[in-house]
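I have placed the structure first, in the form of structure tokens, so that the comments after it can refer back to it.
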Amino acid sequence: EKGGYEHFMLKEIFEQPRSILDSMRGRLELEAGHLNMGGIRAYERKFANAERILIVACGTSWHAGLVAEYLIEDLARVPVEVEYASEFRYRNPIITERDIVIAISQSGETADTLAAIDLAKSKGATIFGICNVVGSSIARATDAGAYTHAGPEIGVASTKAFTAQVTVLTLLAMIVGHQRGTLSDTKLRELMMELSNIPSKVEKALLLDAEIKQIAEIFKDSTNFLYLGRGYNFPVALEGALKLKEISYIHAEGYPAAEMKHGPIALIDENMPVVVIATKDSSYEKVVSNIQEVKARKGRIIAVVTEGDDVIPGMAEFVIEVPATSEALMPLVSVVPLQLLSYHIAVLRGCNVDQPRNLAKSVTVE
Ligand code: F6R
């Protein structure tokens with residue numbers, strides 16, 4: 001049932017061109033030039049008039065929520081707050097009937113996320129769910145929602161569910177942005193076009209597998225890793241670090257690249273691998289300076305760059321080239337090499353990648 005792959009995780013990483021496509025199928029209609037998301041239809045006005053959107057989730061789903069914060073604020077200009085469900089539920093949060101709460105969960109069974117929903121519901125907020133498992137507790141507890149169509153995810157470390165969540169959240173941000181008039185027809189069409197090209201770009205990123213495996217060989221005995229990114233790639237840095245921690249048991253931290261100088265830079269020496277997501281976007285120049293800062297301290301740089309970049313290859317020890325896309329869609333592509341890197345490192349260390357120690361696929365206890 002692993003479809004010829006050695007592990008479910010690898011199979012699921014490789015399924016992403018398909019699962020991303022499935023998550024936009026019937027929703028993104030390029031020819032007709034419009035977007036459809038059944039779950040949002042009855043709430044379109046509510047979304048369009050929302051004063052703010054709260055997002056609650058845990059783990060990787062929380063990272064998808066962070067990407068959504070950038071997407072929704074950027075495209076739809078609605079203020080967004082992203083909360084760990086476990087903190088939100090216990091800190092007496094301010095919630096009103098005017099709020100929309102988006103709950104994100106692969107399993108749909110995460111206890112803290114479910115409790116956060118119940119709390120928000122009791123205050124009269126509208127709850128929108130983004131779940132992968134059909135008929136799950138969270139899907140049933142929400143007022144409306146959209147399923148991700150990633151298919152069953154067996155590997156404990158979430159991969160295709162993450163990219164499916166980001167796909168659905170991208171569609172949502174585009175729909176709300178267009179409705180609110182913050183996303184023009186032209187910009188909408190452009191993004192629709194780019195989004196429809198994402199599966200083939202992910203396919204291309206997957207061709208990097210052998211190259212990434214070689215990088216994994218070199219760093220498999222490292223005891224620490226730092227992951228840096230800015231803007232849309234900041235949540236990707238967090239997700240890259242989480243994937244590595246979970247399955248290889250190597251300590252890793254994700255940071256917004258500019259925060260490095262406020263602490264983590266002290267960790268950098270010739271033994272520290274630093275994965276920098278440095279694709280060509282509005283923060284590119286600044287990330288290049290961050291790379292220089294790491295280099296000056298002899299950190300070992302593994303950079304994820306846009307194809308054709310001719311600056312970073314002269315600075316980084318290893319360069320992983322991914323296809324170019326719109327800044328807002330880059331997480332869907334840039335996360336892929338990081339999933340592969342953690343997978344190969346874990347396998348080389350002899351870890352049980354599909355069932356890492358101490359972790360469960362559904363966290364049904366708080
Ligand atoms: C990471 C991972 C966990 C889950 C988290 C939330 O690879 O698997 O961090 O993302 O437990 O789970 P769901 O999305 O099922 O609510």
Side-chain angles (χ1 to χ4, degrees), residues 7-13 15-16 19 23 55-68 82-89 101-118 120 127-142 145-169 227 235-250 252-254 331 335-336 338-343 345-346 351-366:
H7 299 97
F8 282 109
M9 183 183 178
L10 190 62
K11 171 174 177 264
E12 290 160 4
I13 291 173
E15 273 170 1
Q16 290 176 109
S19 50
S23 292
I55 299 181
V56 294
C58 304
T60 288
S61 297
W62 183 80
H63 295 155
L66 276 186
V67 176
V82 190
E83 307 259 3
Y84 284 116
S86 57
E87 285 298 313
F88 180 81
R89 64 181 288 200
V101 174
I102 302 179
I104 311 171
S105 176
Q106 187 287 126
S107 63
E109 301 298 340
T110 303
D112 281 319
T113 309
L114 199 50
I117 291 171
D118 290 343
I127 321 289
F128 191 86
I130 296 182
C131 297
N132 195 45
V133 176
V134 176
S136 54
S137 306
I138 292 176
R140 284 183 281 118
T142 50
Y147 281 114
T148 45
H149 296 291
E153 192 180 62
I154 312 290
V156 163
S158 189
T159 54
K160 64 173 181 171
F162 173 77
T163 46
Q165 289 164 344
V166 173
T167 301
V168 169
L169 289 158
Y227 286 73
V236 176
L238 297 184
E239 176 58 9
L242 179 62
K243 287 287 89 83
L244 188 71
K245 280 183 269 208
E246 286 181 297
I247 61 169
S248 74
Y249 318 139
I250 295 174
E253 284 194 61
V335 76
V336 173
L338 306 189
Q339 296 169 337
L340 288 169
L341 183 66
S342 57
Y343 171 78
I345 290 179
C351 299
N352 183 348
V353 291
D354 282 337
Q355 276 180 310
R357 69 187 183 202
N358 310 338
L359 295 175
K361 189 63 187 161
S362 300
V363 184
T364 53
V365 291
E366 70 168 291

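Only a predicted model underlies this, so the values are computations on that prediction, with no experimental measurement involved. Numbering of ligands and ligand atoms starts at 1, following listing order.
Those atoms of ligand 1 with a heavy atom of G59 less than 4.0 angstrom away are 9 (O), 10 (O). Residue-ligand proximity, S61 to ligand 1, at heavy-atom distances under 4.0 Å covers atoms 10 (O), 13 (P), 14 (O). Distances below 4.0 Å separate heavy atoms of S105 from the following atoms of ligand 1: 13 (P), 14 (O), 15 (O), 16 (O). Numbered from 1 in the order shown, with element, the atoms of ligand 1 that lie under 4.0 Å from a heavy atom of K243 read 1 (C), 7 (O).
The proximity of T110 to ligand 1, defined as any non-hydrogen pair under 4.0 Å, is limited to the side chain. Here V156 has backbone heavy atoms under 4.0 Å from ligand 1, and that is the only part of it that gets that close. In E246, the part holding a heavy atom less than 4.0 Å from any atom of ligand 1 is the side chain.
Paired with L340 under the rule side chain to side chain contact (heavy atoms under 4.5 Å, CB included), one option of V335, T159, I13 passes, and it is I13. Under the side chain to side chain contact (heavy atoms under 4.5 Å, CB included) rule, I247 has a single partner from N352, D354, V353, L359, which is V353.
The protein atom (non-hydrogen) at minimum distance from atom 4 (C) of ligand 1 is T60 N, 4.0 Å. Among protein heavy atoms, the minimum distance from atom 11 (O) of ligand 1 is reached at V363 CG2, 4.0 Å. When only non-hydrogen protein atoms are considered, atom 5 (C) of ligand 1 lies nearest to C58 O, 3.7 Å.
Taking 4.0 Å as the cut-off, A157 counts as a neighbour of ligand 1 on heavy-atom distance.
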Apply the test side-chain contact (heavy atoms from CB on, under 4.5 Å) to residues R89 and D112: give CA-CA distance (whole Å), side-chain angles for both, the deciding distance (0.1 Å), then the verdict. CA-CA 7 Å; R89 64 181 288 200; D112 281 319; 2.6 Å; yes

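The shortest N/O to N/O separation between Q106 and ligand 1 falls below 3.5 Å.
A 4.5 Å side-chain heavy-atom check between V168 and H149 finds every atom pair outside the cut-off.
Ring orientation note: the planes of H7 and Y343 are nearly perpendicular, at an angle over 60° on the 30°/60° scale.
The minimum heavy-atom distance between A157 and E246, with the atom names listed, is CB-OE1, 3.8 Å.
In this structure, the separation between OG on S61 and CD1 on I104 is 6.5 Å, given to the nearest 0.5 Å.
With sequence neighbours left out, S137 forms a side-chain hydrogen bond (donor to acceptor under 3.5 Å, both in side chains) with E109.
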